[in-house]
Protein chains: 2
Amino acid sequence: MRPDLPPPVQSFILHFGEMGSRWGINRTVGQIYALLYISPRPLCADDIVEALGVSRSNVSMSLRELQSWNLVLLRHLPDDRRDFFTTPDDVWQILRTLAEGRKRREIDPTLSFLREALMEPPANPAEAHAQAKMRDMHALIEQLTGWYDDVKTLETERLATLLALGARVTKLLETKDKIVALGSSKRDGRKT
Amino acid sequence: MRPDLPPPVQSFILHFGEMGSRWGINRTVGQIYALLYISPRPLCADDIVEALGVSRSNVSMSLRELQSWNLVLLRHLPDDRRDFFTTPDDVWQILRTLAEGRKRREIDPTLSFLREALMEPPANPAEAHAQAKMRDMHALIEQLTGWYDDVKTLETERLATLLALGARVTKLLETKDKIVALGSSKRDGRKT
DNA sequence: CAGTTAGTTCAGAAACCTTTGAAATTCATA
DNA sequence: TATGAATTTCAAAGGTTTCTGAACTAACTG
């Protein structure tokens, strides 16, 4: 890695490289992402080669991968035919992209698999038991992805509100139930 | 793999083996987990060797890994000193365990890293810019983990309610705001 | 059109991870 | 304390992924 990068930037890049394996990306991809994220301006492939000290071909392939995941954006500067790259600078946008990619790669295939498996009529008690377990798992994943599909439509501000609220949401729900109960008892005289 | 397993069970196991690489676990670990999850009774190591056709030592190491992640439970049967293994059968419990493990392995190290990096005073404008970017990322992760820490304390039923509610929570919030506003305007005659 | 620059592809080298069989360890029981 | 069943450890084989350099295509420039 280029030694003239500020030390905090160096360790940021190294950290992302190391975490890469835990996140399912490789070292170079992690490092390039970190470099682009922290860089104050878009970089071209050769900038990255110089900054990280990896091969040109590795940079080319890694950028391709990051682009396919929508984690980096391609930019062009006037009078320069090189490709420049940045990360989206809104961290909430990055979060959405990450979540979407993870769901697509890590959840959706299993969801389809379970859906298919649950279509088949069980041939014997052993298969019936297996299906029952798969049904539990399927129901859970459906519930989670349903929530996600719902929540991902929220604008950032509302999403932030929802996060800030956290577990207190259920308190709020109770309150609302009481109010509704009160309202309906006023109208038709029975509890809900 | 043992051919006398019901075909749906076989494909379930194979699916988990294949997905393993996307989930950051290896094939054997994925298969063992799937087998234990779907099995109607606890299995011992040799059962697993027979069912999956992998080596005894591989099973031993994979079980160790699953145990370290709290994804399988060790059981003992009377008058049998072999170790038997199951998965917790409440899928919500499994979800909690998975979430906790992922947070610990994939988020916490980065959170600590960022915290540390933000303690240092920036030595120049470049470092100040790097810190600003890290601060954005840190704030986002704090918000997410804060929400998670909060929500994970909910009992399953409330958690399910919250999920079912999804994005409608914010509608609810508005409603509540109106009610509060109404209440306070009744009391002190001004809008909020 | 020849030279230059940007970007891609790909075979093989290097690094890394997974799996195995054999040897070592543990531990209840004779 | 000897036996043997259950389990773990570990070096090495086997497999997969990552990375590189060299060869390639495409597009611009004089």
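A, B, ... follow the sequence lines: proteins, then strands. Residue 1 opens every chain.
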Asker: What is the separation between atom CG on Asp79(B) and atom P on dA6(D), rounded to the nearest whole Å?
Answerer: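 Distance, rounded to whole Å: 14 Å.
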Asker: Testing the 3.5 Å rule here: is there a donor-acceptor pair between the side chains of Asn58(B) and Ser62(B)?
Answerer: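 Ser62(B) and Asn58(B) do have a side-chain donor-acceptor pair below 3.5 Å.
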Asker: For a quick check of understanding: with a heavy-atom distance under 4.0 Å over all strands, which category does Arg82(B) fall into, base, sugar-phosphate or nothing?
Answerer: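 Arg82(B): backbone/sugar contact only, no base atoms under 4.0 Å.
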Asker: Of the nucleotides dT20(D), dG7(C), dT18(C), which has the atom closest to the Asp83(A) side chain?
Answerer: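 From the listed options, dG7(C) comes nearest.
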Asker: How close or far is atom P of dC10(D) from atom CZ of Arg56(B), stated in whole angstroms?
Answerer: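 The answer, rounded to whole Å, is 16 Å.
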Asker: Scan Asp46(B) against the nucleic acid and name what it touches under 4.0 Å (heavy atoms): base, sugar-phosphate only, or nothing.
Answerer: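 Nothing: the residue Asp46(B), judged by heavy atoms under 4.0 Å, touches no strand.
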Asker: Within 45° of the ring axis of Tyr148(A) and under 6.0 Å from its six-membered ring centre, is that where the NZ or CZ of Lys103(A) lies?
Answerer: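 Relative to the ring axis of Tyr148(A), which defines the angle, Lys103(A) lies outside at least one limit.
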Asker: Let me know the distance between CG of Leu52(B) and C1' of dT20(C), rounded to the nearest Å.
Answerer: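 Taking CG of Leu52(B) and C1' of dT20(C), I get 15 Å after rounding.
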Asker: According to a strict under-4.0 Å criterion, is Thr28(B) in side-chain N/O contact with OP1 or OP2 of dT19(C)?
Answerer: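 Thr28(B) to dT19(C) OP1/OP2: side-chain N or O found under 4.0 Å.
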Asker: I'd like to know if Ser57(A) reaches the base of dG21(D) with its side chain, counting only an N/O donor and acceptor under 3.5 Å.
Answerer: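 Present.
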Asker: Hey, is the side chain of Arg81(B) poking within less than 4.0 Å of OP1 or OP2 on dA5(D), counting only N and O atoms?
Answerer: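 Checking dA5(D) against Arg81(B), no side-chain N or O comes under 4.0 Å of OP1 or OP2.
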Asker: Can you tell me if Arg22(A) uses its side chain to pair, donor with acceptor, with the backbone of Arg105(B) under 3.5 Å?
Answerer: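 Yes; judged by distance alone, with no hydrogens or angles, the pair exists.
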Asker: Within this structure, what is the CD1-to-P distance between Ile48(B) and dA6(D), rounded to whole angstrom?
Answerer: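 Whole-Å distance recorded here is 14 Å.
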Asker: dT8(C), OP1 or OP2 - any side-chain N/O from Ser60(A) closer than 4.0 Å?
Answerer: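 Looking at the OP1 and OP2 atoms of dT8(C), one of them is under 4.0 Å from a side-chain N or O of Ser60(A).
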Asker: To the nearest angstrom, how far is Arg75(B) atom CZ from dA6(D) atom C1'?
Answerer: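 To the nearest whole Å, that distance equals 20 Å.
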Asker: Closest to the Asn58(A) side chain: dT20(C), dG7(C), dC19(D)?
Answerer: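 Per side-chain heavy atoms of Asn58(A), the pick is dC19(D).
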Asker: Rounded to the nearest angstrom, tell me the gap between atom CD1 in Ile25(A) and atom P in dC19(D).
Answerer: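 Value for this atom pair: 11 Å.
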Asker: Output the rounded distance in Å from CE (Met61(A)) to P (dT20(D)).
Answerer: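 Checked: the CE to P distance equals 9 Å.
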Asker: Determine, stepwise, if the pair Arg41(B) / Thr86(B) fulfils side chain to side chain donor-acceptor pair (under 3.5 Å).
Answerer: CA-CA 7 Å; Arg41(B) 57 180 183 79; Thr86(B) 11; over 6 Å; no
Asker: Rounding to a whole Å, what distance do you find between Leu66(A):CG and dT18(D):P?
Answerer: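 After rounding, the reported distance stands at 13 Å.
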Asker: What is the nucleic acid contact for Arg64(B), judged by heavy atoms within less than 4.0 Å: base, sugar-phosphate only, or nothing?
Answerer: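 It contacts sugar-phosphate atoms only.
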Asker: Kindly say whether Arg96(B) contributes a backbone atom to a donor-acceptor pair with the side chain of Glu100(B) at under 3.5 angstrom?
Answerer: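 Checked: no pair found.
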Asker: With sugar-phosphate meaning primed atoms plus P, OP1 and OP2, does Arg27(B) contact a base, only sugar-phosphate, or nothing at under 4.0 Å between heavy atoms?
Answerer: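 Sugar-phosphate: the residue Arg27(B), judged by heavy atoms under 4.0 Å, touches backbone atoms but no base.
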